[in-house]
Each structure stands twice: as C-alpha cells, then as structure tokens.
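Below, chain A is the first sequence line, B the second, and so on; all start at residue 1. Bear in mind the structure is a predicted one, so any value in this text is a computation, not a measurement.
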Amino acid sequence: MMKLELRGITKRFGSVVANDGIDLLVEAGEVHCLLGENGAGKSTLMNLLYGMLSPDSGEILIDDRPVHLDSPASAMAAGIGMVHQHFTLVPPLTVAENIVLGDEHGGRLGWLDRARAKREVADLVERFGLEVPAASTIESLPVGIRQRVEILKALRRDARLLILDEPTAVLTPHEADRLFDVVRQLRADGRSIVFISHRLAEVRAISDRITVIRHGRVVGEADPVTTEVELASMMVGRTVDLAVEKPPLIEQAGTALDLEGVSLLGEGGEPRLADVNLTLRTGEILGVAGVQGNGQAELVDILLGAEHPTSGTIRLGGEEMQGCSRREMLAAEVGYVPEDRHAEGLIDGFSIAENLILDQYRAKRFSSAGRLRFDEIEGNADELMSKFDIRAPSRDTNCDTLSGGNAQKVVLARELSRELRLLVAVEPTRGLDIGSSAFVYKQIVDARSRGTAVVLVSSDLDEIFSLADRIVVLYRGRVTGTATPSTDRDQVGLMMAGAAA
Amino acid sequence: MTALALVLAFAIGAVIIAVSNEVVLEAWGNFGNEPLRAVEASFEAVGEAYGALFEGALFDPGAASVTEFFAPISETAVAATPLIASGLAVTLAFRSGLFNIGGEGQAILGAAASAYVGFHFGLPPVIHLFAALLAATLAGAAWGFVPGYLKVRTGAHEVITTIMLNYVAGLLVVYLLTMKAFERVGRSAGISPLVAGNARLPELFGGGLRVNAGLILVLCLAWVVWWLLFRTTLGYGLRAVGQNRKAARSGGIDVGATVIGAMSISGALAGLAGACTMLGTDFALSSETAAGLGFAGISVALLGRATVKGTVAAGFLFGALQAGSIQMQAATGTSADLVTVIEALIVLTIAAPLLMARVFRLRAGDAGVSTTSGGWSA
Amino acid sequence: MNAISASATGNMGETRRAPFALIVAGILLAVVLGLTGEPSKSAKFAISPVDSNINLGSISLPVGVVGLICGALTVALGAYALTLLPRRMPPWILRTAFGLIAVAFLVWAAAGNSLNLSSLAEASVVGALPLLLGALAGVLCERSGVINIAIEGQFLFGAFAASVAASALGLWVGLVAGSVAGGLIGAILAYLAVRYAADQVIVGFVLNLLALGLTSFLFTQVIVPNQEAFGSPPTFSPIDIPVLSELPIVGPALFDQNVILYIAIAILVATQLMLSRSRWGLRTRAVGESPEAAQSAGIDVLRLRTRNVIAGGLIAGLAGVFLTIGSVGAFTPNISSGKGFIALAVLIFGRWSPGGSLLAALLFGFAEAVESALSVVGSPIPPELLQMFPYLVTLVVVAGLVGRARPPAADGKPFIP
C-alpha cells in the first residue's frame, strides 16, 4: 500500500513553465486519472515522478516521507513503476530478458541465471493473469502484448504505484478493455494507479478520482460522475464545441482519387497493404481510422509516390499514377501534412521563408535558371505569414524555434497555398492545443470547400468523426469496413480490432 | 572560444616539445641542483621552436630583402591554397549531411590526372592549364561519385567506403608510376615527368615568391561554393537533404541524386586541391603526392565549423602552421609532425563538441534521437 | 546504414539478382580458368610445416580442372538459390561460393609455383590477429551503441607505448602499457562522444589524427636519438606446444605462436559467451539497441557505454602491442597502416558478433597472406593491385553485396539521459 503526494512541484524548460506548483494526492489503492490536453504538462510531471527529470522546486512524498528521485532506478526502489506511452522495451531481446533487464539475477561472475528468469516470468504470469510468451522476442509481438510485458516489468520490481502514460493510444478498443480489467485487478490487489489520458470517455470509465491539469497547473478535481462536457471544459478552459461547421458536400462531384486493388508487399514478401479499394470525390474528406501500424503509413506513402504499389492502380482525376515519383505527385497537385512536423514537414535549420518553398523551390516563381529569386521568396513568406497568422519574429526565423501550432501553420500555409486536387493529412492536430487544432480544422474544411479531396489519417476517433464525410477502417493492411460519422462508434471500434463490418 | 582552444593547443604542444627535448629533460634531471636552469631550458626549447614556427609562417624579422621579408607569408599562402580547396570539399559534404573522409584519395587522383595532362600533352598556354584542372576535377568527382552511388544504392556508409577508396587510390598511383606512360626518362621508377610550363599555375609576383594563381583559384572556389549553397536551387536541395532527409524527400527532392551529386562535387573540389599542389608546387607525381591533404581538409572544415568563411580562415591558419613547421624542423630539429598534433588538439577542443550542436543536430534527429529528450509533455 | 532510396522493389530486385550473379560468376570462372589461358599448368601445395619431421608431401592442382570444378559448384549453388526464391539467399551459400572462387583464384595465381599451406595458414592467423582484436574492440563499443572509428589510433598508440615501455622496462610492462595506451584513447572518445554527446565519427577521426601526429613526433624526437634505450625492444617469443605444433596446416598457425594470440582467443571466447549469457552482455545489448528502454530499466547508459568504450580501447591497444613487440619489435611511424580501418570492416562483415569477426578476420588475414606469398613466388598480378584486394573486399562487404547485416539500432547515436 502506498500513498503518494506531490507538493508545489514546479519544472521549467528555459522560459517555459511545464509544471507550475502542482499539488497531487494519490491514495493507496485508487485509480487516479490525470486528465489534460496534449502539452498540458502531464508527461513532464510523470517524468519527474519517475526520476527522469528533477523538479526545480517542490516535494514528492511517499507515505508522508519526502523522497528524492533522481533516476528511474531510485523511483523503482521507492516502489514506483511506469509504463511509457512509447514502450521502453528492447525489440530484439526476449520477453524474459526484457522483464529482468536492469535487475537480473546473476550467478557468480555475473552470469545470468536464465532458468530463474524463466521461472520468475512464469510466476508473474500466473499471479497477475497476464499471459505473455516468455521466449519470444518483443519485435515479434503485437502492441497489446508488449504493453503487458511493460506492466509485468514494473510489477516484478514490486511497483506499488503504477504510472500508465496514455496507455490506450496504441490499443484497439478491445485491447483497451482488457487493459481496464487489468487495472481494476491491480487496484483490487491494493496498488495505486496513475492513469494519464486526454480521452474523456475512458477517464470516466476507469478512474476513482480525476485531477485536471491545464498549462502546467492543476485546474480542478473531479469524480467519475462528472459529465464529459464538464470535463472537457475544465481541460480546455472554456466551453468548447467539438463539432466542426461543414458546408454540405458538392453535389455530383467528380471522382478525385480512385484506388483499385492496391497491394504492397514488404521486403520479406509479407503483405503490408492488401487489395485496397477506395474512391474519393472532389470536395470530400475521407477519414482513415485504425490503430497505428495497420497500413496507414504505407497507404500514405503510396498516395505520395514515396512507395510504388506491387499491384493495383491509382487514378488521380482519371489519370493513372501508380509509377509516379514523389516529385510527379507534387506536380499532380497532391499536398501533404505529415504526422511529425519536425521530422518530415519542416527543415528545422531553415528559415520560415525557406521552408515555405520546400516543395516549390524549383518552380518558375521562385527560381530562374537554377538561381533562387529572393524577392519572390520573401514576398511569398510575408504574404503567407499574415494569411495563416504565423507568429514569429521574422520570416528569417529558424523553424526549430517555433511553437507546435506555428510550425504546423507553416506546413499548412505551404501545402494549401497552391492548387490542390488531393490533400493527405496525417494526425494533423497531434500535439496542438485546442485553439491551433480549431485553426487546422478550419483550414482543412476550407480546402474541402474549394474542391480539394482530403485523405485524413488519424488515430483519434473524435477527429475523424468531426471532420470526415466518410470513414474507412484499416486493419492489417486491409480495409475492414466503411462507415459514416453517424455510424455507432463501437461499430468502428470493432472494425479497428479486425471484425468484418 | 576559438582563441582559447588555440592557446590550449599551443600550450599542450609546448609541453610536448619540452618533454621530448633532450636538453630540457637533462636539465630537469638536474632539477635538485639547478631548478631555474630546468625551467629556463624548457622555455628556451619551446621558445626556439615556436619562434621558428612564427618566422616560417609570417615574417622573418631578420629579413635582408623584400623578397625574404615576404617569403614566409608567400609560403603560408602556398600551403593554404590546397588546404582551402580540400576544406571546401569537406564543408560542402558536411552541409549535405555527408562526411567525406575520401578527400585523400580524391585529391591524389586529382593530382595524378592533372599531372598526366600536364606532362603528356603539349597545349597552348591557358588552355593547357585549364585542361589539367579539368582533368583533376573529373578524376576527383569520379572518386567522389563512387561512395555516393554506393551509399544511395546499397546503404554502404560513406565513412567506410571513402576510407577504403583512399587506400585504393594510393595504390593505384603507385601502380601507375610503374607504367610506361608515367616513366620519366633517365629516372628509375617512382616519379613522373615534369608538368609542362604551360600547365603550371603561374606565380603571382615571381622573384622567388612561390605564391601562385592557385590562391586566386581557391578563393574563387570559396565564393562559388558559397553562391552554390545559398543562392541556387541546387544548393537549396543540398542543404535541405543535409538538414533533414525525410522532409526533403517529402518536398519532392530526389535525395539519392542529391547525395550522389554532393559527393561528386565534393570529390571535384578535393581533386582541384590535388591539382593545386601538382600544378602549383610539386610538378611531378610521386607516391607522396597530396598525401595527408584530404585529412587536413577535414580538420580545416571542422575548425571552420562547416562554413565557407570559416573554412577559408582555418585554411590560412593551418597553412601558416604547415609553412612554419618546415622552418621549425629545419632550424630547431623539432619534428614537423608537431603541427599535426596541434591541429588535432585544436579541432578536438573546439570543433568536435560544437559541431555536434550545430551541423549534426539535425542529422542526429534524422536518425531518431531527440536532443531535447526527457522534457516536455507528450 | 539503410539504403537511402530503399524501396520494396529495389530490395526484391537484389534478392533476385544474387543467385543470377552467382551463376554468371561460376560460368566466368569455369571459362576463364578452365578453358582459356594455361589450364594444364599446376599449382603445388605442400601440406606439412616447413620444419616438421612428418612430411605429408604435397598436392598438385591443375588450374583447368580446379577452375571447372569450382565454377560448376558455384553455378550449382546459384541454381539452388534460385529454387529458394522469393526467400532471401541464405548466407552460407555466398560464403561457400566465395570460398570456391578464392580457391580457384589461388590455384590460378600460384600456377607453376609451389606454396606451403602450413606457412600460408600461419601467415593468415598472424595477419588476422590484429584485425580480430580491433574488431572485438569494435564489438564492445558498437554493441553498446558507440561507433569507434579510432581503432586505428588505438593501434598506433598501443604499438608505440608497447615498444617504448618494453625497451625500457621489459616485455610484460610493454604489454600492459600498450593496452593502457589504447584504453586512454578510448577514454577520450568516451568522454567526448559519450559524456559530451559529440559526433562519434568526428571525434574518432580526430583522435586518429592526434595519435598519428603524436606517435610520429615522439618517434622522431625520442626514439630516433635514443635507439638503444627506446628503439630496440625485445619481442615475445613463440610458445611451441610440442606435437600439436607439428600438425599439418594448423600446427604452426595455432600452436607455435606468442602469448598475444592466446590472450586474443581468450578475449574472443569471453566476449562471445558474455554477450549472450552474462548480465553485462544483456545490458550491453539493451543499451545498444534501445538506450531509452535500458535507462528506464534503471541502467546507467552513459556509464555502461563509457566502460565498454574504454574496455574496447584496452583490447585495441593489445593489437598495437602485437604490431610491435608481438612481431617486428621496433615502432615505426604509421606502423598500423590502416589495419584499424580494416578491423572496422571486419566488424561489419562479422555482423557485430565476436564469432563472425573471427571468420571475417581470418578471411582478410588469408587474403593478405596469399598476397605476400604470391609476391614472393611471383604471380601474374602486379603487387599493388594485389595489395588493393583487402580494401576492395571491404568495399564489396560494406556495400552489402555479401549479405548485409543490421547494426545495433542505436549504433552511432549519442544518448542524452
């Protein structure tokens, strides 16, 4: 049994205050949800708790005694275990090796006692009813099982308080339900759970108590009977309307994109996309739902010309495009808002002005005879910065200093400033605050109104349901079902888990 | 920061001179009896060595004529000329996210090609020189193309392939020198005929000062490299690929072609560095030609922090050190290898840690490492 | 080290190309050696050690016959690989084909002459030893995620320190000094590249430059003027294991060598076993694959990397020891002449494993031995081109033409805790 208390925890990164005087009390044997938007400071707080960061001020108390957590090792010693949002497992090692890593039972001379490790894993499996194959390597297992390994790893260290950081983000609804069972069982066992999430429904379903944080501060406490609307308004600070205003679809619109029997084989001949058929009309938003890693990335690569399908045809406005390069796809007016702006959308060391011409720098407007035309480049930057409300000291500011919202605006400004037949947007609001998200939504809907067809790939069902005109679900590289925003969400959830529609 | 590193490197160099000097060691052995003598001997040894280094690099206070007065500076410029070209080669590759350790082989082959054109053909003035330079450019570019192509097609890391190609180039030149076409009449094998006068880089002032048109050439090259990188679409592509391959690819840039292009241009610059030594000072090919030039170029680029201006400045600094080291060895018997040590120390103390922060941060990011790890909420 | 333009089709193409390449190579081999040139000439290979009491005589192999047989077998291997498509060709096929081509080449190059196989084997082992030690040093570093390009510098530093210390203070002091000198470079690398998170390749490169400059400088300043005191070190003498050393082929190679070979074998066995079965090995693999995961399991990533890099330096220093007091004795500037870089290639060819490194090192050692044996008896190929062989093989290897391996996932990436 363990009681955890945080008193006045503050953590700054440079001039940004990530956690500002946070007080939190987690009683023994309760599931305590930490609810907050992306960027509210939840993960920073948990990294402080797990000894990966040190607070600038404030105290952490366990069972009323102050503790000093300066490394994950000391956090584990204090009885705190953590399941990260991005698993901290070593893919080529086996389940057993991963579970014992860092606290191995060694014989003389540091030899591993492998038989004992195996026994221990078997014991854990039995004790907590979490089935895992001890001898398999992590990379051969599905995410749901990997998460169980993470939980077992923490339990083996006798974690009396378990932090689950956005644990459902990578799970199918079914896997998430299994996880909730596990959480309840652990609570029954007397352990405390800190459950971090920004998904209102699941927070209400699982928690005993809810603490809401916003902009690094605790803004309120709630109990699970609080309505979703109330929780949402606490989380974002104002009453928000989650619905997006969309004009009706263009009547009798032509076919913008047509995928017929598109398949893609991986290096070892395994299917990554199998017989995908899609049609998209001009001015229509197609939501692609699914748990990460079920073929979304491959679909996007194929639409962008980064990969060529092993078989099947892609037609863009009637023209066959399956052999086209990325550059040819760009010329065919395909725009792209990538999942990770800083990895794929922007060149951090380049200025805003330079980034705004990334896909068009060879166009006549910005260059002549191989020389860049700076007057045009700068004019373009000024125009787009005011049109898209990009807030930065100047057009020469490097993009690595921009906030998430402004960085995303640079990407959108670039992609939407030219004629587009097709826009491929992947997780367009990940990591953005509500205000920036609303801006992004508006831009996407405006593009739709101008007749651009949009493929929206998102793991956030809320986003899909509020933006899409039609929804397809990908599972293991196949389209397992289609839906509309009026379809029951549970139905879509089942499809995400592989059930045929 | 740079100044501090220089002082530190020279200080360590001084210690190395002192501890490796017979007289100094003897004096320290006798420290109990004559403590001051030991200190004095140390300072004397270091002072003499660095004094000669300075005289050889900048100016000789005891110069008897104008020529003698300017000779050291001329020698510094002569040494700096190929270093700057070789440094530019590395800088351009760095900017494109590539580490070209192959300047060595590219320069050797550039020198060999310019030598061959220089001694084998009889062409009119100017044309002959340009033909020889062109040959060097092409040879270097070809030797840079190979690792670029291998990287793009097979994923072979350019660091390993360029190192191997350096050895191959060196052995190739040794092999060429055994062939009839490279034989010098009346000499045993191992050295080629002399480059014709028309193909040589003309001296700028004459009168015994060796500084030649190569200096003008490399300063023009520096400007061209800057213009290319920052004023053209080609340079935009190179820098984009260097900073973030994934984003560049999303922007429609052909990353493979850009990498091959960058390695080829880098190789061409290194080849020209080889030509500068061949057509400016050496005039004949031997197994020693251009040895160490490519590696020195890496130090120059690192000290110049992969900027064009910095590379030029670092080229002059290392040129001065090399010119001075010859005088130092001649006058005081202190081995010229000391300069390599000092150069390495300078680069190690400043450039290596800093570069990580600047040029390579995005490359690291490209490979999936976040430099601001830990913090920030998801 | 993934291909930049990796596309599914490209990789599929490579998979399909390899068997055809083998078939073409086999046909070429058979035609060129078996039918043209001088197929009737023979190469003689003596089997017993030169000074052995047992004489097993020698075998004589005609170029043409060997060429035809090896060529036919290579074609057969290629055909077999074709039947396995679309699966990737298993590595043993290429290795066997490589061996066949090497045998045929050797017979052709030695035609009309006589080579002693025991001497060839011994020269291979001697050539392989520093490469193996260098690669093992690389295994320790890279399996924990640090690229060590400074192996060459560690060789030089080790060689220099061993030579000087052995001259002044005796052989065993020399051995320790050489190893420690290599460890010192490892410590600098660890400090800058692990603690400081500087670019590993750049730091390694500059350390090579430093080692080359410093050892050359000290050679001129200290060893040359004091030849007697520092320039003529003793050398380890071979330990002749009775009977075993007279075995044909492997006798002199394995049982009449000095202590460094046996130390190297011990290190080889130890690293191979410990990597897979010890606590240290598990942690090293975890840190090299996913430092984030290792850290969250409570492992001090930087400390483990630092220790591994220094330990690697100690091993690489030992290779330096072998280059001087383990063989020729006196130090000369740039005595390692690029062996440290070849060791890097051995490491990659050996797929970052100790056992694989052993095989790769022997291959390179064998290539070097053949080259020097042929340059003595005279061969149809100019010596410079023969000397290029290991470098060209390395190029072929890193280009993945002989089965590419996956490096540890976090190799070369600085970790900031």
Worksheet item: With a 4.5 angstrom heavy-atom cut-off, which part of B:Ile253 approaches chain A: side chain, backbone, both or neither?
Response: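 Both backbone and side chain of B:Ile253 come within 4.5 Å of chain A.
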Fill in: Beyond-backbone contact of A:Leu372 with B:Thr232, side-chain heavy atoms, under 4.5 angstrom
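Sidechains of B:Thr232 and A:Leu372: no contact.
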Worksheet entry | Side chain proximity check, A:Leu346 to B:Asn244, heavy atoms < 4.5 angstrom |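 When only atoms from C-beta onward are counted, B:Asn244 and A:Leu346 do not touch, as no gap falls below 4.5 Å.
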Fill in: Under 4.5 Å from a heavy atom of chain B, the part of A:Phe366 involved
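Contact with chain B is absent: no heavy atom of A:Phe366 under 4.5 Å.
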Worksheet entry | Which portion of A:Leu45 sits near chain B, non-hydrogen atoms under 4.5 angstrom |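 For A:Leu45, there is no contact with chain B at all, as no heavy atom is under 4.5 Å.
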Practice prompt. List the atom of B:Ala240, the atom of A:Ile347, and the distance in Å for their closest heavy-atom pair.
Written response: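 Taking B:Ala240 first and A:Ile347 second, the nearest heavy atoms are CB-CD1, 3.4 Å.
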Worksheet item: For A:Ala343 and B:Lys246, which heavy atoms make the closest approach, and how far apart are they?
Response: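 Closest approach of A:Ala343 to B:Lys246: O-CB, 3.4 Å.
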Is the number of heavy atoms from other residues, nucleotides or ligands under 6.0 Å of [X] [atom1] greater than 12?
X	atom1	answer
B:Phe130	CZ	no
A:Arg217	CZ	no
A:Arg371	CZ	no

Discussion item. Return the OH to CG distance between A:Tyr361 and B:Leu234, rounded to the nearest 0.5 Å.
Written reply: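 Spacing of OH (A:Tyr361) from CG (B:Leu234) equals 8.0 Å.
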Discussion item. To the nearest 0.5 Å, what is the distance between CD on B:Gln243 and CG on A:Asp400?
Written reply: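 That separation rounds to 8.5 Å.
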Worksheet item: When only pairs under 4.5 Å are counted, which of A:Gln360, A:Met46, A:Arg362 shares the most heavy-atom pairs with chain B?
Response: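 Option with the top pair count is A:Arg362.
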